[in-house]
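In what follows, a single structure is set out as structure tokens and then discussed.
The shown structure was predicted, so the numbers you read here are calculated from the model rather than taken from an experiment. The sequence lines fix the lettering, A, B, ..., with proteins before strands; numbering per chain opens at 1.
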Amino acid sequence: MSEKKQPLLVVAGPTASGKTALGIALAKEYGGEIISADSMQIYKGLDIATAKPTAEETEGIPHHLISEIDMGVSFSVADYVKLAKEKISDIAHRGKLPILVGGTGLYINSLIDNVNFDTAETDGSVRRRLEQEAGALGNEAMHERLRSVDPETADAVPSQNIVRIIRALEVYELTGMTFGDYKRMNMGKNSPYRVCMIGLNFRDRSRLYDRIDRRVTLMAENGMVEECRAVYENEKLGTVCQAIGYKELIPYFRGEDTLESCLDKIRQSSRRYAKRQLTWFRRDERINWLYLDEIYNFNEFIEICNKITTKNPDFGRDFLILHSAFLILNLINMFAKKEILCYNDN
RNA sequence: GGAAGAGUUCCCGAGUGGCCAAAGGGGGCAGACUGUAAAUCUGUUGCUUCGGCUUCGGUGGUUCGAAUCCACCCUCUUCCA
């Protein structure tokens with residue numbers, strides 16, 4: 001059973017931790033191709049604000065699921081999983097190693113844990129109606145309604161979290177199941193992948209935050225503001241309107257706030273986002289964390305790599321040996337170049 | 001030099017004698033999350049051996065009791081010279 005599963009390398013971590021660079025390095029080493037797991041990079045446009053890798057940065061490595069969706073379209077996890085599965089099998093059929101790289105934890109987990117979204121197939125009309133009702137009746141009333149059909153979920157979701165409440169009600173209307181039953185039925189069965197997960201992080205959180213702050217400054221210098229302004233003036237947006245960088249700049253475009261103040265808001269939002277990402281990823285015990293601010297010596301490298309490889313026997317012996325060697329070389333390199341991972345800086 | 005005002009817990013800011021370790025917001029930290037997820041939401045945020053202990057610019061008073069009243073001092077802001 002397990003020998004038929006498709007190997008999938010996953011690089012996860014908070015924003016600005018260097019996922020893109022590590023992904024590319026791994027792809028070069030193994031003849032891999034990158035599949036982005038990023039809810040914003042998948043949209044066309046906002047290239048700078050969403051920190052898409054530039055043409056030079058990709059070093060010729062094919063990147064998938066970046067700039068694929070028009071900005072006016074609403075896109076969801078369900079759509080993502082569908083597309084990503086296709087890409088992965090396509091890459092695998094060409095004899096390449098698929099490497100999933102991204103910071104959208106929900107997308108990554110839904111994909112690798114094989115969450116089934118077909119049970120509650122929807123065109124969005126139920127959802128829209130429930131949202132309207134919530135607007136008219138208030139959160140409390142919706143929470144009570146949920147309690148009457150699905151007390152388990154009502155207990156688990158605070159009445160303030162209207163997004164969750166509406167989804168649970170939507171699932172109930174669509175399937176007749178409580179949200180708990182729905183999840184138990186559709187989650188984590190028979191994943192077609194054997195994953196090796198690598199997580200990037202810093203032991204000292206302020207190091208991460210510094211990188212985020214610096215990166216925002218660099219983005220602004222590289223044209224993020226102009227890029228966002230053009231979108232603000234010309235585009236109808238779907239899910240992308242939530243992109244950090246874009247939404248914080250709107251008060252500036254309206255003349256209601258200064259540029260510097262808005263840039264600070266972007267830094268702030270990014271830091272808080274990074275923290276939420278960490279909260280999501282930290283609970284996944286499959287992730288092998290690499291702390292970029294730790295001074296590793298050679299023996300420690302061997303140890304870390306052994307740990308990773310023994311935890312992922314499915315990946316095969318040759319792969320593992322290569323993998324270990326690679327990680328050692330690459331990490332040493334990263335440190336030698338002093339955090340080359342930070343958005344082209346210096 | 002004269003007049004008025006202000007100094008509160010990481011920040012902003014409420015509090016004008018007890019119900020104040022001190023509202024509220026921000027930030028930080030921790031968590032939840034499975035069709036909007038760069039979203040949405042929750043908890044927590046002086047120390048503690050949980051009995052207490054030390055906080056509201058400083059010092060000294062008044063009072064049973066002060067962040068709140070009085071005196072002086074320090075710092076800052078605005079206004080008049």
Item to complete: Please work out if K275(A) contacts a base, only the sugar-phosphate, or nothing of the nucleic acid, heavy-atom cut-off 4.0 Å.
Response: base
Discussion item. Which is more 5' along RNA chain B, the nucleotide nearest V171(A) or the one nearest R271(A)? Just name the residue.
Written reply: R271(A)
Item to complete: Can you figure out which of U42(B), A38(B), C33(B) approaches the side chain of Q41(A) most closely?
Response: A38(B)
Discussion item. The side chain of R205(A) is closest to which nucleotide in this list: G28(B), C29(B), U36(B)?
Written reply: C29(B)
Discussion item. At 4.0 Å (heavy atoms only), tell me whether S270(A) reaches a base, stays on the sugar-phosphate, or touches nothing.
Written reply: nothing
Worksheet item: With a 4.0 Å cut-off on heavy atoms, is R276(A) in touch with a base, just the backbone sugar-phosphate, or nothing at all?
Response: base
Discussion item. To the closest 0.5 Å, what do you measure between CG (L249(A)) and CZ (F253(A))?
Written reply: 4.0 Å
Practice prompt. Could you tell me whether Y43(A) contacts a base, only the sugar-phosphate backbone, or nothing, with contacts defined as non-hydrogen atoms closer than 4.0 Å?
Written response: nothing
Worksheet item: Hey, does Q160(A) reach any base, or is it just sugar-phosphate, or nothing, if we go heavy atoms under 4.0 Å?
Response: sugar-phosphate
Worksheet item: Checking all strands, does Y80(A) fall into the base, sugar-phosphate, or nothing category for heavy-atom contacts under 4.0 angstrom?
Response: nothing
Worksheet item: If you draw the axis of the six-membered ring of Y291(A), does the NZ or CZ of R203(A) fall within 45° of it and under 6.0 Å from the ring centre?
Response: yes
Worksheet item: Looking at D90(A) and R94(A), does any basic side-chain N land under 4.0 Å from a carboxylate oxygen?
Response: yes
Discussion item. Which residue in the set L130(A), V157(A), N139(A) passes side chain to side chain contact (heavy atoms under 4.5 Å, CB included) when paired with I162(A)?
Written reply: N139(A)
Discussion item. At 4.0 Å (heavy atoms only), tell me whether R184(A) reaches a base, stays on the sugar-phosphate, or touches nothing.
Written reply: nothing
Fill in: Geometric cation-pi criterion, R282(A) with W280(A): 6.0 Å, 45°
no
Item to complete: Under 4.0 Å between any heavy atoms, over every strand shown, what does V77(A) touch: base, sugar-phosphate, or nothing? Just pick one.
Response: sugar-phosphate
Discussion item. Can you tell me if R167(A) touches the phosphate of G35(B), counting only side-chain N or O atoms and a distance under 4.0 Å to OP1 or OP2?
Written reply: yes
Discussion item. Between the base of A32(B) and the side chain of N161(A), is one N or O donor paired with an acceptor at under 3.5 angstrom?
Written reply: no
Worksheet item: Which of the following nucleotides, U34(B), U36(B), C33(B), is nearest to the side chain of F117(A)?
Response: U34(B)
